[in-house]
Visitor: 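Sharing a structure with you now.
Letters A, B, ... mirror the listed sequences (proteins, then strands); counts begin at 1.
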Number of protein chains: 2
Amino acid sequence: MISQTAEYALRAMVFLAMKDGAATGQEIAAVTLVPGGYLSKIMQQLAKAKLVHSQRGIGGGFTLARQAKEISILDIVNAVDPIKHIRSCPLDIKSHGVNLCPLHARLSTASRQVEEAFAKSTLAELITESRSPDCLSVPLTPRALDTACGDCSL
Amino acid sequence: MISQTAEYALRAMVFLAMKDGAATGQEIAAVTLVPGGYLSKIMQQLAKAKLVHSQRGIGGGFTLARQAKEISILDIVNAVDPIKHIRSCPLDIKSHGVNLCPLHARLSTASRQVEEAFAKSTLAELITESRSPDCLSVPLTPRALDTACGDCSL
DNA sequence: CAACTTCTGGACCTTTATGTCCATAATAGC
DNA sequence: GCTATTATGGACATAAAGGTCCAGAAGTTG
């Protein structure tokens, strides 16, 4: 559905949205269970896409560059793993495989629906809409690993 | 959206659905512009999934194992590149990252929508529903590469 | 300035997806 | 049985995604 990289980016952004102030790469990696070295690459991409602001030195780290309600899932996914659209039949120039058009029309429709759904969800919604109150009250630290959440079954 | 492999499998199946009798691997590869050697692997997967029947020797090749109206896009995609569902928060056992649940709920919803759309489209629909009559009348041979189809813009 | 923290960016490695090649097995026609 | 045809399956090659590591730049504190 989405790449591992996009999944990681989303986790990091959700975490940032829930956190007051800056979070260091190490902190984000620990909480979101993303490999630290790899996360740093992803954060760089998010910074280049102007979704987060980065600050070096003590007290530094990453913060959202905009309000959580102004950042959609689609923004995040596109920053690290751009959704590519089918613009013409992939069967070479003269489209001999023109007979495949109805097929690609379906695929295109499906991907546009996903895109639309992603565009409609903001970070703000994701952190507000907790279906299981216990879940959100879990402290945002690696230690919380010990805390079970029976409702987390999606 | 879907893997290259799934794209290739769909092209091959659409071609088979349009063709009377068996088509050899070479023929399918030429028309669908899929690398021959790679296509043979994919056809093997489709055969194992009982979506096509294979026959060796002269006059042999591949044929649909069921009627075109009984084969959905989802059947084909699942045969070569199974859609994996999110069943629980991917943040390890005790779901410390429980705060990500709303996120994964969205992702899960999106993938289920795609799955549903794919399940509803059959091969029969794909080959009937030609929005551009000219397209479907194009001969199903590599030579047709020379035939342009202006309506093929998806 | 010195020491410490944190991001940056490049080199490199591993795994997975994609793609190639060929010997072999099954089938049909003669 | 012989030959031509066609799928099968394994070995191998290449490309892309995912992941690791570390030197160095930029920032903070004292």
Visitor: Give one of base, sugar-phosphate or nothing for Gly37(B), where a contact means two heavy atoms less than 4.0 Å apart.
Guide: base

Visitor: Measure from CD on Gln45(B) to C1' on dA7(D) and round the result to the nearest Å.
Guide: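 Distance check: Gln45(B) CD to dA7(D) C1' gives 15 Å.
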
Visitor: Can a salt bridge be assigned to the pair Glu116(A) and Arg112(A) using a cut-off of 4.0 Å between side-chain N and carboxylate O?
Guide: no

Visitor: From the set dA7(D), dT18(C), dG18(D), return the single nucleotide nearest to any side-chain atom of Phe62(B).
Guide: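 Selected nucleotide: dA7(D).
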
Visitor: Hey, does the side chain of Tyr8(A) come within less than 4.0 Å of dG18(D)'s phosphate (OP1/OP2), counting only N and O?
Guide: no

Visitor: Round to a whole Å and report the spacing from CG of Leu39(A) to P of dG19(D).
Guide: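 So the two atoms are 11 Å apart, to the nearest Å.
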
Visitor: Rounded to whole Å, please give me the gap between CD in Glu7(A) and C1' in dA17(D).
Guide: 15 Å

Visitor: Would you say Ser54(B) places a side-chain N or O within less than 4.0 Å of OP1 or OP2 belonging to dA7(D)?
Guide: no

Visitor: If you check the Tyr38(A) side chain, which of dT6(D), dG18(D), dG19(C) turns out closest?
Guide: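 Given the options dT6(D), dG18(D), dG19(C), the side chain of Tyr38(A) is closest to dG18(D).
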
Visitor: Apply the side-chain contact (heavy atoms from CB on, under 4.5 Å) test between Val52(A) and each candidate in Thr63(A), Ile71(A), Leu16(A); give the one that qualifies.
Guide: Leu16(A)

Visitor: With distance as the sole criterion, do the side chain of Gln44(B) and the base of dG9(D) form a donor-acceptor contact below 3.5 Å?
Guide: yes

Visitor: Measuring from atom CE of Met1(B) to atom NZ of Lys84(A), what distance do you get when rounded to the nearest 0.5 angstrom?
Guide: 10.5 Å

Visitor: Using whole Å, what does the distance between atom C1' of nucleotide dG19(C) and atom CG of Leu33(B) come to?
Guide: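 These atoms are roughly 15 Å apart.
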
Visitor: Please tell me which of the listed nucleotides, dG19(D), dC4(C), dG18(D), lies nearest to the side chain of Pro35(A)?
Guide: dG19(D)

Visitor: I need the CD-P distance between Gln26(B) and dA7(D), as an integer number of Å.
Guide: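 Rounding to the nearest Å, CD of Gln26(B) and P of dA7(D) are 9 Å apart.
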
Visitor: Could you tell me the separation between the CG atom of Leu16(A) and the C1' atom of dT6(C), rounded to a whole number of Å?
Guide: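 Between C1' of dT6(C) and CG of Leu16(A): 15 Å.
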
Visitor: Give a yes/no on whether any side-chain N or O of Gln55(B) is located under 4.0 angstrom from OP1 or OP2 of dT5(D).
Guide: no

Visitor: Using only side-chain N and O atoms of Thr24(A), determine if any of them is under 4.0 Å from OP1 or OP2 of dT6(C).
Guide: no

Visitor: Does the pair Lys69(B)/Glu125(B) count as a salt bridge with the N-to-O cut at 4.0 Å?
Guide: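 No salt bridge links Lys69(B) with Glu125(B).
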
Visitor: Roughly how many Å is it from CD1 in Ile58(A) to C1' in dA2(C), rounded to a whole number?
Guide: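 For the pair Ile58(A) CD1 and dA2(C) C1', the rounded distance is 12 Å.
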
Visitor: Can you confirm whether the side chains of Ser3(A) and Asp81(A) place a donor and an acceptor under 3.5 Å from each other?
Guide: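 Indeed, the side chains of Ser3(A) and Asp81(A) share at least one donor-acceptor pair under 3.5 Å.
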
Visitor: Hey, does the side-chain of Arg56(B) have a donor or acceptor N/O within less than 3.5 Å of a partner on the base of dA28(C)?
Guide: no

Visitor: Mind calculating the distance between NZ (Lys41(B)) and P (dT16(C)) to the nearest angstrom?
Guide: 18 Å

